[in-house]
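For ligands, and for the atoms within them, numbers begin at 1 and follow the listed sequence.
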Amino acid sequence: MQVLQVSAEMYPLLKTGGLGDVTGALPDALARAGVDVRLLLPGLRPIRDGIAGLRPLGEFVAPWGLHMQVLYGQWNGHGVYVIDAPALYDRPGNAYVDADGVPYVDNHRRFAPLGQLAALLAHGFDARWRAQIVHAHDWHAALAPAYLHHTRRHRAHPAGSVFTVHNLAFQGLFPAATFAELGLPKVAFQMHGVEFHGQVSFMKAGLHYADRLTTVSPTYAREVQGPEQGGGLDGLLRQRRDVLTGILNGVDTRIWNPATDRLIAQTFDARRLARRALNKVALQRHFGLARRPDALLCGVVSRLTEQKGLHLVLDGLPELLARGGQLVVLGNGEPELEAAFRAAAQAHPRAVAVYIGYDETLSHRVFAGTDVTLVPSRFEPCGLTQMYGLVYGSLPLVHRVGGLADTVVDAALENLADGSATGFVFDRFDGAAYGAALRRAFALQARGAEWRRVQRAALRQVFAWDAAAARYVALYRSLLPAAHETTRPSEALVPERAVRR
Ligand code: ADP
Ligand code: GLC
């Protein structure tokens with residue numbers, strides 16, 4: 001089975017959040033499951049420069065006339081196609097925004113080619129390998145199913161498409177005028193297509209045209225079908241619920257494993273839990289915090305955005321400090337949140353420490369050294385940091401929402417009694433509920449033996465990528481017979497404009 005993974009980022013080459021972790025781990029798990037997997041990525045600098053030995057394979061032309069090179073190479077044993085278009089990708093800032101954090105105005109041009117080339121690769125652009133399944137991730141790749149759909153009728157063996165929503169809050173919305181540059185047939189710009197309240201929505205294209213839809217946790221798959229979390233697309237998601245499933249992300253244990261992690265001060269596991277204490281001391285020292293082994297040390301590793309509910313952490317800080325707790329924050333994002341955490345650290349230098357920035361190594365040390373990982377997100381499609389917290393024994397304190405609800409079991413008495421407790425979960429998204437969960441964490445810490453029992457239960461959690469991959473493979477399989485039927489109408493054929501060398 002030949003499957004093309006299409007995404008804007010991939011760890012370790014380029015990562016702005018969990019999407020990169022997922023697209024970095026899934027290909028290997030799919031390959032272990034016997035899938036012939038290849039990747040398609042935009043030629044953003046870190047990607048193009050990070051893959052050695054890329055060679056030109058051919059060229060294709062964007063509907064608005066830009067000629068783009070397709071490079072081909074190998075990454076971790078997988079074939080990888082990279083779109084080489086310096087005019088689109090050689091820019092300061094990160095993958096999506098400029099140096100001032102403002103989204104590039106031509107992001108539709110920067111990411112539409114991912115979809116366009118994905119369709120071409122399903123149609124024989126590479127004479128040696130044809131995608132039978134195109135698996136697109138998030139809005140950046142979401143036009144792939146639309147291009148596939150509108151070119152299908154003309155092909156003997158059309159590919160099936162899977163679209164995974166990692167975060168419905170980022171939809172890839174563009175003014176209506178950009179539609180003409182996408183090269184999709186006019187019929188696609190309507191309610192049953194890519195049009196969303198008069199704009200072009202990449203996300204909607206994926207949700208409307210893909211044969212199968214997935215989200216990154218079962219609970220989020222349900223939540224997005226309601227108005228609160230559906231981002232205006234809940235109606236469409238309800239309509240398509242028969243093809244929508246939630247597949248929980250995994251943890252890549254080659255990177256996230258406290259027993260083998262070279263980035264942390266001292267390795268440990270459930271049987272050698274005492275060794276973990278050295279990581280706490282190292283973290284307190286690193287940040288200049290008071291070296292108090294008994295202080296409840298809480299950690300945040302996060303994009304600092306509204307999604308993550310961090311105002312609850314700020315509002316709850318006086319109580320955390322009054323109870324003798326400490327806080328470490330590693331993150332960046334919205335200036336107001338950055339400033340608020342900085343101010344807290346200045347006011348309490350021995351109890352609060354903040355690193356504003358992105359630091360992969362430090363993130364490992366925070367999970368290994370803290371007692372609690374705070375993830376009070378307003379919404380959370382899956383969330384990886386609470387899973388990293390679990391497998392590193394930093395008990396997650398989370399809002400019962402999305403993937404957080406699917407991965408953390410509250411330290412309520414009945415869960416403590418049967419050994420299933422792994423963290424602290426609050427229901428209502430407000431300061432009182434957050435505060436009560438925090439007090440549960442302090443209360444449990446006061447009972448040392450019980451805390452360690454919960455910690456061991458957390459450390460033993462397994463979030464296997466192989467299990468997730470097996471579910472994706474089942475989805476791909478379900479599409480293979482259908483992929484050989486030619487049923488859908490078509491008009492314009494942008495991918496026909498491919499130019500082969
Ligand atoms: P999201 O994708 O919504 O940001 P996830 O929890 O799925 O949330 O994934 C976030 C990923 O980014 C995790 O791997 C986390 O460790 C990492 N991360 C977030 N902020 C930082 C940071 N400032 N430094 C290092 N890693 C970070
Ligand atoms: C998104 C979500 C996050 C999820 C990640 C990987 O960034 O916000 O919850 O874990 O994608 O799927």
Practice item. Report yes if Thr16 has an N/O atom closer than 3.5 Å to an N/O atom of ligand 1; otherwise report no. Key: no

Exercise for review: Heavy-atom distances under 4.0 Å are what count here, so tell me which part of Ser302 touches ligand 1: side chain, backbone, both or neither.
Suggested key: backbone

For residues 245-254, run the donor-acceptor check on the side chains, cut-off 3.5 Å, and write out each pair with its distance to 0.1 Å, sequence neighbours left out.
from, atom 1, to, atom 2, distance (Å)
Asp252, OD1, Arg254, N, 3.1
Asp252, OD1, Arg254, NE, 3.0
Asp252, OD2, Arg254, NH2, 2.9
Arg254, NH1, Asp28, OD2, 2.7
Arg254, NH2, Asp28, OD2, 3.1

Exercise for review: Would you indicate which of Lys308, His166, Met387 comes nearest to atom 8 (O) of ligand 1 when only heavy atoms are counted?
Suggested key: Lys308

**Study point:** Heavy-atom nearest neighbour of atom 18 (N) of ligand 1 within options Tyr358, Tyr11, Tyr388
**Key:** Tyr358

Study note, to complete from the structure: Residue, atom and distance of the protein heavy atom nearest atom 16 (O) of ligand 1 read Val301 CG1, 3.6 Å

Point to revise | ligand 1 versus Asp21: contacting region, heavy-atom distance under 4.0 Å | key: side chain

**Study point:** Glu380/Lys308 salt bridge by N-O under 4.0 Å criterion
**Key:** yes

Review point. If you measure from each non-hydrogen atom of Gln386 to ligand 1, which part falls under 4.0 Å: side chain, backbone, both or neither?
Key: neither

Practice item. Show which atoms of ligand 1 fall inside a sub-4.0 Å distance from at least one heavy-atom site of Arg303. Key: 1 (P), 3 (O), 4 (O), 20 (N)

Review point. Can you check whether Thr385 has an N/O within less than 3.5 Å of an N/O in ligand 1?
Key: yes

Check your understanding: Between Lys15 and Asp21, does at least one N-O distance fall below 4.0 Å, as a salt bridge requires?
Key -> yes

Extract all donor-acceptor atom pairs below 3.5 Å that involve side chains of residues 230-239 and protein atoms in other chains or at least two apart in sequence.
from, atom 1, to, atom 2, distance (Å)
Asp234, OD2, Arg238, NH1, 3.2
Arg238, NH1, Gln225, O, 2.9

Review point. When you measure from the centre of the six-membered ring of Tyr104, is the NZ or CZ of Arg91 under 6.0 Å away and within 45° of the axis?
Key: yes

Exercise for review: Using distance alone, determine whether Leu384 and ligand 1 share an N or O pair under 3.5 Å.
Suggested key: yes

Point to revise | Sub-6.0 Å ring centroid separation between His311 and Phe429 | key: yes

Exercise for review: For the residue pair His364 and Trp256, categorise the inter-ring angle as parallel (less than 30°), tilted (30 to 60°) or perpendicular (more than 60°).
Suggested key: parallel

Exercise for review: Report yes or no: does a heavy atom of Gly357 sit under 4.0 Å from some atom of ligand 1?
Suggested key: yes

Check your understanding: For the residue pair Phe174 and His108, does the interplanar ring angle fall in the parallel (under 30°), tilted (30 to 60°) or perpendicular (over 60°) class?
Key -> tilted

Check your understanding: Can the ring centres of Phe170 and Trp139 be said to be less than 6.0 Å apart?
Key -> no

Exercise for review: Would you mind running through ligand 1 and noting each atom that sits below 4.0 Å from a heavy atom of Gly383?
Suggested key: 6 (O), 7 (O)

Review point. Is Gly18 close to ligand 1, meaning an N/O of one under 3.5 Å from an N/O of the other?
Key: yes

Review point. Can you check whether Ile83 reaches Leu40 side chain to side chain, under 4.5 Å on heavy atoms?
Key: yes

Check your understanding: Is there a donor in the side chain of Tyr96 and an acceptor in the side chain of Glu9, or the other way round, less than 3.5 Å apart?
Key -> yes

Review point. Looking at residues at least two apart in the chain, or sitting in another chain, which of them share a side chain to side chain donor-acceptor pair (under 3.5 Å) with Arg456?
Key: none

Check your understanding: So is there a nitrogen or oxygen of Trp256 less than 3.5 Å from a nitrogen or oxygen in ligand 1?
Key -> no

Review point. Mind checking what residues have non-hydrogen atoms under 4.0 angstrom from ligand 2?
Key: Gly18, Leu19, Val22, His166, Asn167, Val216, Asn249, Arg303, Gln307, Glu380, Pro381, Cys382, Gly383, Leu384

**Study point:** Test of proximity, Asn167 against ligand 1: N or O pairs below 3.5 Å
**Key:** no

Review point. At what distance, to the nearest 0.5 angstrom, does NE2 of His137 lie from CG of Leu19?
Key: 7.5 Å

Exercise for review: Could you tell me which atoms of ligand 1, counted from 1 in the order shown, lie closer than 4.0 angstrom to a heavy atom of Leu330?
Suggested key: 22 (C), 23 (N), 24 (N)

Check your understanding: Considering distance alone, does some N or O of Lys15 sit under 3.5 Å from an N or O of ligand 1?
Key -> yes

Review point. Is there a donor in the side chain of Arg276 and an acceptor in the side chain of Asn279, or the other way round, less than 3.5 Å apart?
Key: no

Revision key, fill the gap. re atom 24 (N) of ligand 1, the protein heavy-atom contact at minimum distance is Asp359 N, 3.0 Å

Exercise for review: Specify whether His149 and Tyr209 have parallel, tilted or perpendicular ring planes, treating 30° as the upper limit for parallel and 60° as the lower limit for perpendicular.
Suggested key: tilted

